[in-house]
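In this text, all values refer to a predicted model and were calculated from it rather than measured experimentally. Note that ligands are numbered from 1 as they come in the structure, with each ligand's atoms numbered from 1 the same way.
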Amino acid sequence: MSSPSDRLDTRVCVVGLGYVGSCIAASLWLAGAEVVGVDTDPGLIRDFNDGHCRIREPGLPELMAKGLASGRLTVTTGYDAVGSAGTVIVTVGTPIDETGAFAETQLRAACEELGRRVRPGQLLVFKSTVPPGTTRDLVIPLLERGGLVCGEDVAVAFCPERLSEGSALAELQTLPVVVGGLGPADAAAAERFWRGSLGVEVIRCSSLEAAETVKLADNWWLDHNIALANELARYCASIDVDVLEVIAAANSIPKGSGNVNILLPSVGVGGSCLTKDPWMIARAARANGVELRTVPTARQVNDAMPAYTAGLILDELARSSTGGDPFKVAVLGVAFKNNTGDLRATPVLPVVRALRAAGAEVALFDPLADEGEVAAVFGTPPAPSLDDAIGGADCLALLAWHDEFSAIDLGLLRERVARSCLIVDGRAYLPRSTITRLQELGFLYRGIGR
Ligand SMILES: NC(=O)c1ccc[n+]([C@@H]2O[C@H](COP(=O)([O-])OP(=O)(O)OC[C@H]3O[C@@H](n4cnc5c(N)ncnc54)[C@H](O)[C@@H]3O)[C@@H](O)[C@H]2O)c1
C-alpha cells in the first residue's frame with residue numbers, strides 16, 4: 001500500500017465550506033496547515049473573498065479574514081486543489097428529504113469530483129453525518145471510479161463532526177475526534193492527521209459503520225434528553241415548581257461514567273442536525289427491521305414546544321389585557337439557539353407565526369442573524385436596534401439569548417416597554433435573583449417550566 005507518509009502533510013483541502021467546513025478550514029489554518037476550501041456556491045466564495053463571512057459563528061469572520069489575508073487559507077469553487085493536498089476533508093451538507101430519506105446529492109457530487117482527482121498516498125476524511133453504511137456503499141465506489149483502490153492507494157476514514165454551533169471554534173480544539181477507518185492503516189492515517197494538526201484526542205472505532213453510528217447516537221441522545229427536559233418543564237409548570245431547580249438537584253447523583261445529566265428545556269429544538277439525525281438513524285434501523293420508537297416520541301415532544309411557548313405568551317397577555325390594541329411582542333433572538341445566527345429550522349419561526357395568527361404585532365431583533373435572511377425567513381425585516389424592537393412592547397420574548405444580550409440590564413428597559421410588560425424566557429435561563437428584581441420593577445416573568 002502506498003500509504004500516506006508518516007510525516008504529516010500539512011496541505012489540506014476542505015470540500016464544503018458551510019458551518020462545519022469553514023470552521024474546520026479556519027481552525028486547521030490557525031493550527032499551521034495550508035488550507036484550500038472548495039465550495040460549489042460561487043456567492044459564498046465571492047463573499048469570503050470580499051471579506052464577508054455569511055456564517056454567523058462567533059469568532060469565525062475574524063479568523064477567516066486573518067487566514068485569507070495570510071495567503072495560506074484560500075477559497076475557491078474549483079476542485080483543482082484536491083490533487084496537491086495531502087488530506088482532503090469532506091463536509092458537504094447531508095440533509096434528509098420530505099419523506100425522511102437521506103438526500104445524497106451533495107455527497108455524491110463531491111465524491112464524483114474527488115473520484116476524478118484523488119492520487120495515491122492521499123488521506124480522505126469524511127465528516128458529514130450519514131446513515132451507517134454510506135461511506136462503504138456510496139462513497140468508496142465513487143472514489144474508486146478513477147481506478148485507485150481505497151485502503152490500498154488512498155486511505156479513507158469516517159470522522160463524524162460533533163461540534164456545536166455557537167462554540168464551534170473552541171470545540172474543534174478540544175473535542176475528541178472519533179475515527180473509523182476502512183482498515184487499520186486508514187484509521188491510523190486519520191489518527192495521525194488529527195493528532196498532528198489540531199492536537200486533539202482520538203477515539204478509534206473498529207469500523208466505518210461504528211463511527212457513522214456514533215454521530216447519530218450522540219444526536220439521538222441529545223434530542224431525547226431535551227425532550228425529557230421539556231416534558232419535565234411542562235409538568236413542573238403545572239405544579240408551580242421551578243424546573244431548573246429540579247434539574248440542578250436531580251443532576252447531582254453519579255450514574256454510569258458521569259452524573260445524571262438532564263439538559264435544559266427551551267422554546268424548541270431547531271438547527272440542521274437535531275431535527276434530522278434522529279430520523280436518519282430511525283430510518284436506517286427500520287431498514288434492518290428495528291423500530292426505534294423513542295425517536296418519533298422525542299421529535300414530537302420537541303416539535304410541540306414552539307406552540308407551547310406561543311400559548312404561554314398569549315395566555316399571559318390575555319390575562320393581563322384590558323382589551324383594545326393588538327399585543328406587541330418583541331422577540332429578542334430569532335436564531336435556532338443561543339450564540340449563533342443560524343436560522344435553519346429555528347423554533348422561533350413557528351412561535352412568531354402563532355403570535356401573528358393570534359393578531360399580535362411582532363418585532364424581531366437578533367444581533368447575530370443576517371438581516372436579509374431574517375426578512376426572507378420571517379417575512380419582515382428585523383428591527384434595526386434593540387431600542388426599536390422593544391418600544392411599547394407588552395412582551396419581551398427571550399427566545400435565543402446570545403452572550404451579547406446578557407450585557408443588557410433588562411430592568412433599564414422598564415421605561416421603554418408597556419406598564420405590565422411580560423418577560424417570557426425561552427432560552428435565557430435568568431437566575432432567580434434577576435427574576436425577583438424584574439418582578440419588583442413591575443415585570444411579569446414566565447419561563448419554560450418556571
Ligand atoms: N451545522 C452543525 O452544527 C453541524 C454539526 C455537526 C455535524 N454537522 C454535519 O456536517 C455536515 C455539514 O453541515 P453544515 O451545517 O456545514 O452544512 P451547510 O449546508 O452549512 O454546508 C454545506 C456546504 O457544502 C457545499 N456543497 C454542496 N455540494 C458541494 C459539492 N459537491 N462540492 C463542494 N461543496 C458543496 C454547500 O454549498 C454548502 O456551503 C452535515 O452532514 C451536517 O449534518 C453539522
Numbering as shown, the atoms of ligand 1 that approach Lys215 to under 4.0 Å (heavy-atom distance): 6 (C), 7 (C)
What protein heavy atom sits nearest atom 7 (C) of ligand 1, and how far off is it? Glu161 O, 3.3 Å
Name the option, out of Leu17, Thr40, Leu107, that contains the heavy atom nearest to atom 26 (N) of ligand 1. Thr40
Are Asp223 and Arg299 within salt-bridge range, i.e. N to O under 4.0 Å? yes
Please compare Glu171, Met280, Glu165 and report which has the shortest non-hydrogen distance to atom 1 (N) of ligand 1. Glu165
For ligand 1, which part of Leu44 has a heavy atom less than 4.0 Å away: the side chain, the backbone, both, or neither? side chain
Record the part of Tyr79 in heavy-atom contact with ligand 1 below 4.0 Å; permitted values are side chain, backbone, both and neither. side chain
So which bit of Glu113 gets within less than 4.0 Å of ligand 1, heavy atoms only: side chain, backbone, both or neither? neither
Does any donor atom in the side chain of Gln122 or Thr87 lie under 3.5 Å from an acceptor atom in the other side chain? no
Looking only at heavy atoms, is any part of Arg344 under 4.0 Å from ligand 1, and if so is it the side chain, the backbone, or both, or is it neither? side chain
Heavy-atom donor-acceptor pair, Tyr429 side chain to Pro265 backbone, under 3.5 Å: yes
Any heavy atom of Cys273 under 4.0 Å from ligand 1? The part involved is side chain
Classify the contact between Lys127 and ligand 1 as side chain, backbone, both or neither, using a heavy-atom distance cut-off of under 4.0 Å. neither
